[in-house]
Amino acid sequence: MSAHHGESERGSASAAESGRSDELSIQDPTESLERLLIDLRTRRGGLSSREAARRLVVAGPNRLIRDEKRGWVRELLNQFIHPLALLLWAAALLAVITGTTALTVAIVAVILLNAIFAFLQERHAEKAVEALAAYLPERCQVIRDGTLATIEATELVPGDVIAIQEGERISADARLLTGSLEVDLSTLTGESQAALRTPEAEINAETSLLQSVDVVFSGSSCVGGEATALVYATGMGTELGRIAALSKRVVKDPSPLEQQVARAARLIALIAVGMGMAFVPVGLFLADLPLTDTVNFAIGLLVANVPEGLLPTITLALAVGVRVLARNGALVKRISAVETLGSTSVICTDKTGTLTMNRMQVTAFWTFGGPQDPPASPPAELLPGMRVSEAMRAEAGASDLLGFRFGRASAACSNARLAKPTVFPTEAGPSASEDLADSPDPVHSRAQDVGDPTEVAMLRHAVTLGAVGDRSDLERLVHFHFDPVLRRMSTVDRVGHQAVVHSKGAPEEILRLCTRVAGAGEDRPLGDHDRRLVEAVIQEWAARGLRLIAVADRVLHDRDLGGLSRAQAEKDLTLLGMVGLSDPARPEVAAAVTQCHAAGIRLIVVTGDNGLTAAGIARQVGIGVSGLAVVNGSDLDLMSEAELDELLERNEELIFARSSPEAKLRITDALQSLGHIVAMTGDGVNDAPALRRADIGVAMGGSGTDVAREAATMVLTDDNFASIVAAVEAGRRVYDNVRKFIVYIFAHATPEVVPLLIYAASGGAVPLPLTVMQILAIDLFTETLPALALGREAPEPGLMERPPRRRRENVINSEMLIRAWAVMGGVSAVLVTGLFLLTLASGGWAFDSATGATQPELLWREATTMTFLGIVSCQIGTAMASRTQTESLLRVGVFSNRLLLWGIGFEVLLAAAIVGIAPLQVVFGTAIPETWLMFLLIPLPFLVWGSDEAFKWLKRSRPTEQVEAAPRDFGAPQAH
C-alpha cells in the first residue's frame, strides 16, 4: 500500500487537473489487472455500497463539466463595446459637450437598439443548439455488495465493476475483466467500424490507449457481446473528459468580419476625427469663425462622417443570413460566423455521417446462384408477413428461393428490430404504404430501428428478400451471442416442424465450419472449387472496402437439442452466401463537391477511419480527382511543422486517416498559419478541440455528440455536407451585401461633408447648407430601410465561381471608397450643392460675406431643406446602383428586389413628413420649398445611377490582370 501511496502522490497534479481525487488516481490504466485492482483498492466482485458512497464524495459525480455559459449581463455589455459602438459613444459624448440633446438621445438610442437586437439574436441561436443536446446514459448496471444492481450513471466511481451488454452505452472508462465486446468508438476516434475489445494478458506498451484491446471508454457503445469491466476513471478524468477539457483550453479568435469591422471603425474614426480636427485651424484662422461655432462645426463634420446606421444594418443583414441558414438546416450560434462561412477557403470534412449516410447498407449480395444486385423491394410472390407455401416456392425461381433462404437465415440470426416494416400492395388488398413516398428508405422508416447498424442493414436486406422482418414465423430455441474472438453468432430456431441452426459472421470463419453449399436446385458438398470461388469474392469485395458477412444454416434433429453446445451447433453448416456492406456516400454530396471546386474551395478529409475506406468514398463524391494523397496518423505525427506546411501547400486534396484530436488541431493551426479560412466538420468528442479552433466549427446535429455541438460555431440539423456548401453560398451572399450597403452608406458622406466644407472655406459667406439634425435624419432614418433591403439582395451571377477572398482582405477597399466617395458621392455632392445655391439665389442671395450670414430665416431653411431632399433623392439612385458590384443592374433586374422598392417608398414618405409636418419642421429645421424646385429633384436618382453604371462599364471593359481561378486550383489563398 505504501508503494501505491507514493504513486498517488506523484500523480496528484494530473489527477487534480482531470477532476479526480489524488487517492483514486492511477499512473497507467494499461498496467496489469492485478496491479490495477490494488491501485484502485477494489476486487473483481466490486465495491460495497458504503465504500462507493464515500468515493462518490471524493471523486465527484460521473459527469462532464460543460462550458460555463457567460452570464447574460456580460453578453449584453459586450454588445456596447463593439468598435463601431465605441465610435458612436464618442459622437454622443461630443454631442453632450456641445449641448445638442436631441443628437445625444438619437445616437444613444441607436446603440441601445442595436445591442439589444444582437444580444437577443445570439441568445436565440444558442438556445436552438442546446435543444439538440444528448447526454451520457442515465443508468447503468454495476456490481455492488456482490450483486448486480442498476444505478444512476452519475453515481459510478473508480473501482466499480460494471456489466456491459449489447446495445448499451458505456458510462465510464474501464478495463475488461471477463467476456468480449464489439464497441463503437466513433465518438472518440471517428472510425465507423466497431472495434474488438477483450481481456488480454500481454499489453503492447507502444499501443495508444484508444487502441488498447482491453479498454473501453465512456460515451462509446457496445454493439455486440457482453462483459464485465473495472472502472478506473469517471467524469472529467475519462478520455471523453480529457478531450472536452482540451477543447475548453483552445482560444477562439475573432471572426474575419469582426476583425474587419474593427478595422473599418478605426478607419472611419481616423477620417472623422481627422476632418474635425483639421477644421479647427481652418475655422479659426481662415474662416475667422468664433471658437464656439468652430467646435460645433467640427462636431458636425464628425457626426456627418460617422455612419450611425452602419452597425444596426450589418447586424440585421447577418441576422437575415442566420434565419436563411436555419431554414436550410444550419443553426449558427454567432451571427458574425455567417460572413466567415462565405470566406472559407478550405473545408476539413469528416467522412462518416457527413460525406456518407452513416447507415450501413447491403451494397453487394452473392449466393452460389451468382452475384445479385440487392433488391429494393420484396419480390411479388414473397411478401413480408406472409407464410411461404410450397406452391409459392415452386413458382418462384431458383435464384429467388436461394435469396429467400438467405434472407430468412439473416433475419433469424439477428437481434435487430426494424421500426416499421412497410406493407406492400398485393392482390389481396389495397396499398397501405401511403407514407412510402416520404420515407428515405423504400422498405421502411428507420427512425426507430434498434440494434447494431450492420445487423439492422442485414435485416433490412432480409425483408427485401421475402423474410419476415419481425421473426414471427419462427421460434428462437437457443441463442449463442456474437463472440468477437470467434467473430460469429448463431441461433437455433423452430421453423415449421424443424429446428434449424442459423449462423452469420466473418466469411473466413463461417467458411471454415461449412461442409455443404446451397445450390440452385439442392444442397451439395462444398468442394475445393467452391472454396476458391468464395475466397475470390472475399478478396475482391475486401479490396472495395466492403464489410463482409457470410450466412449459413443447418437442419437439426430434435434429439440433438438437449444440452446443445456452441461447438456442436456450429459444425457441418451449409453456406448460403455473403453480403457486402458499406456506408454509402450521400447522393447530393457529389454535386456539392463540384460546387466547392468551382468556388476554389479545397476539400480535406480528416477522419479516424481507415485510409483505404476514406479514399474510396472521397473518389466516389469527386474529392481528389486531380490528385489525392492519403496520410496516416502515425506518419503525420512524425512530420515536422515545415513538412506539414509543405504538404498542405501542394496543389492536391488530402485525406488524413486515423487522426487524433491533437492531429486535427494541428492541421487546423497549420492551414490558418498559411492564410486559409478553415471550416472543420465533426460529430465526435474527438473533434471538439479542432471545432473550437477552426474559423468555423461545423458539428452534426443528428449524430453529433453534445461536446461537439457545444464547441462548434454552426450545427447541421441534417448532418449533410451539401448544407455546408449552401451555407458557404449564403455567407458569400451576406458578405457581398454587407459591402453593398457599406458603399450605399458611405456614398452619402460626400454630399453631407462637401457643402459644410464650402461653408467653412467661405468663412460663412455661404450659409450653413445642412443642420446636424438633418444629417441625423439622413443617417438614421431615410437611408436605413433601403440599406436593410440591400442586405436581402439576391446573389450576383457567378457568386460560387469566384475564388475565396483572402483572410486579410479588407471589407472596405480602395475601389469601394472611390466608387462611394468619388463617383456616386461626388456626383451627389455637385448636384446637392447646386440645388442649395440655386435655392438661395432664387431668393435674392448673392455671394457676399457681408450679407451671407444675414439671409432671411425662411429662405435659409428652404435652402437647407433642398439640400436634405437632394441627398434623399440621390440616395434613391445610390440604392439602385449599389445593388450590384460589377454587373449592370439591367442584367439583374431593376425591379427584382421588391423590398428595396418598398424601402424607397418609405424613404420618400418619411422625407415628405419631415419637410411637410409642422412639429417635425421644428425638430429638423425644414420648410416647404417652391414647387418648381421640387421638380428638380426628379432627375437626380438617374444621374447618380447613370454615373455608377458608367463606372462599372469601364471596369468591366478594361483588361484585367486577375487570372480567372481554375476550378481546382487549391494553392494558398495568397496566390489568388
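- For the pair R359 (side chain) and P584 (backbone), a donor-acceptor distance under 3.5 Å is absent.
- Between the side chains of T198 and S180, not a single donor N or O lies within less than 3.5 Å of an accepting N or O.
- Put simply, the side chain of R471 never gets that close to the backbone of R417: no donor and acceptor are under 3.5 Å apart.
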Inset, instruction - Go through L209 and F217 one step at a time and tell me if the side-chain contact (heavy atoms from CB on, under 4.5 Å) criterion holds. - result: CA-CA 10 Å; L209 185 61; F217 300 96; 4.0 Å; yes
Inset, instruction - Take V631 and M639 through the side-chain contact (heavy atoms from CB on, under 4.5 Å) test and state the conclusion after the steps. - result: CA-CA 10 Å; V631 180; M639 286 184 181; 4.0 Å; yes
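- Donor-acceptor pairing under 3.5 Å is recorded for the side chains of Q568 and S565.
- Contact of the C222 side chain with the R197 side chain is not registered, since no non-hydrogen atoms from C-beta on lie closer than 4.5 Å.
- By the salt bridge (charged side-chain N to carboxylate O under 4.0 Å, His left out) test, E226 is found to be paired with no residue, residues two or more places apart in sequence or in another chain being considered.
- Salt-bridge annotation for R139 and E152: present, with a side-chain N of the basic residue lying under 4.0 Å from a carboxylate O of the acidic one.
- Here the shortest heavy-atom pairing between S414 and E455 reads OG-OE1, 3.6 Å.
- In terms of heavy atoms, L56 sits closest to P61 at CD1-CA, 3.9 Å.
- Taking D669 as the reference, L665, Q672, R693 meet the side-chain contact (heavy atoms from CB on, under 4.5 Å) condition, with sequence neighbours excluded.
- The nearest pair of heavy atoms linking G611 to V630 is CA-CG1, 4.0 Å.
- The backbone N or O of N62 sits nowhere less than 3.5 Å from a side-chain atom of T234 that would complete a donor-acceptor pair.
- In terms of the salt bridge (charged side-chain N to carboxylate O under 4.0 Å, His left out) criterion, residue partners of D160 (sequence neighbours excluded) are, by chain and number, R144.
- Smallest separation of non-hydrogen atoms from R476 and A412: NH2-O, 2.8 Å.
- Between I162 and V231, the closest heavy-atom pair is CG2-CG2, 3.8 Å.
- Rounded to the nearest 0.5 Å, atoms CD1 (I549) and CE (M489) are 11.0 Å apart.
- Annotation: salt bridge (charged side-chain N to carboxylate O under 4.0 Å, His left out) contacts of E509 (sequence neighbours excluded): R487, R488, R512.
- In this structure L477 satisfies the side-chain contact (heavy atoms from CB on, under 4.5 Å) test together with E475, V492, R494, A499, L561, sequence neighbours excluded.
- Looking at R55, its side chain does come within 3.5 Å of a backbone N or O of P158 through a donor-acceptor pair.
- Using a 4.5 Å cut-off on side-chain heavy atoms (C-beta onward), L636 and R666 make contact.
- By the side chain to side chain donor-acceptor pair (under 3.5 Å) test, D145 pairs with S49, sequence neighbours left out.
- Atoms CD1 and CG, from I510 and L548 in turn, are 12.5 Å apart once rounded to the nearest 0.5 Å.
- For the atom pair CE of M700 and CG of L716, the computed distance is 4.5 Å after rounding to the nearest 0.5 Å.
- The shortest side-chain heavy-atom distance between R175 and L37 does not fall under the 4.5 Å cut-off.
- Contact check for D173 versus V215: no side-chain heavy atoms found under the 4.5 Å cut-off.
- Listed by chain and residue number, nothing satisfies the side chain to side chain donor-acceptor pair (under 3.5 Å) test with S221 (two or more places apart in sequence, or in another chain).
- Put simply, the side chain of H479 reaches to within 4.5 Å of the side chain of N415, judged on heavy atoms.
- A search for side-chain contact (heavy atoms from CB on, under 4.5 Å) contacts involving A585 returns Q620, V621, not counting sequence neighbours.
- With contacts defined as side-chain heavy-atom distances shorter than 4.5 Å, the pair S503/L513 does not qualify.
- Nearest approach of G682 to L691, heavy atoms of both residues: N-CD2, 3.8 Å.
- At a threshold of 4.5 Å between non-hydrogen side-chain atoms, the residues C348 and T668 do not count as touching.
- A donor-acceptor distance shorter than 3.5 angstrom exists from the side chain of R586 to the backbone of T356, with no hydrogens or angles considered.
- Partners of T454 under the side chain to side chain donor-acceptor pair (under 3.5 Å) rule, at least two apart in sequence or in another chain, are R547.
- Judged purely by atom type and a 3.5 angstrom limit, T681 uses its side chain to pair as donor or acceptor with the backbone of D350.
- Formation of a donor-acceptor pair under 3.5 Å by the E168 side chain with backbone atoms of Q165 is found in this model.
- In terms of the side chain to side chain donor-acceptor pair (under 3.5 Å) criterion, S220 has no residue partners (sequence neighbours excluded).
- Note that CG of D39 and CD of E31 are 4.5 Å apart. Values are rounded to the nearest 0.5 Å.
- A distance of 11.5 Å separates OG in S171 from CD in E155, rounded to the nearest 0.5 Å.
- Using a cutoff of 4.0 Å between basic side-chain nitrogens and carboxylate oxygens, R44 and E34 are scored as salt-bridged.
- With rounding to the nearest 0.5 angstrom, the NZ atom of K351 is 14.5 Å from the CZ atom of F721.
- For S410, the side-chain contact (heavy atoms from CB on, under 4.5 Å) test picks out F406, M458, A462, V551, with sequence neighbours left out.
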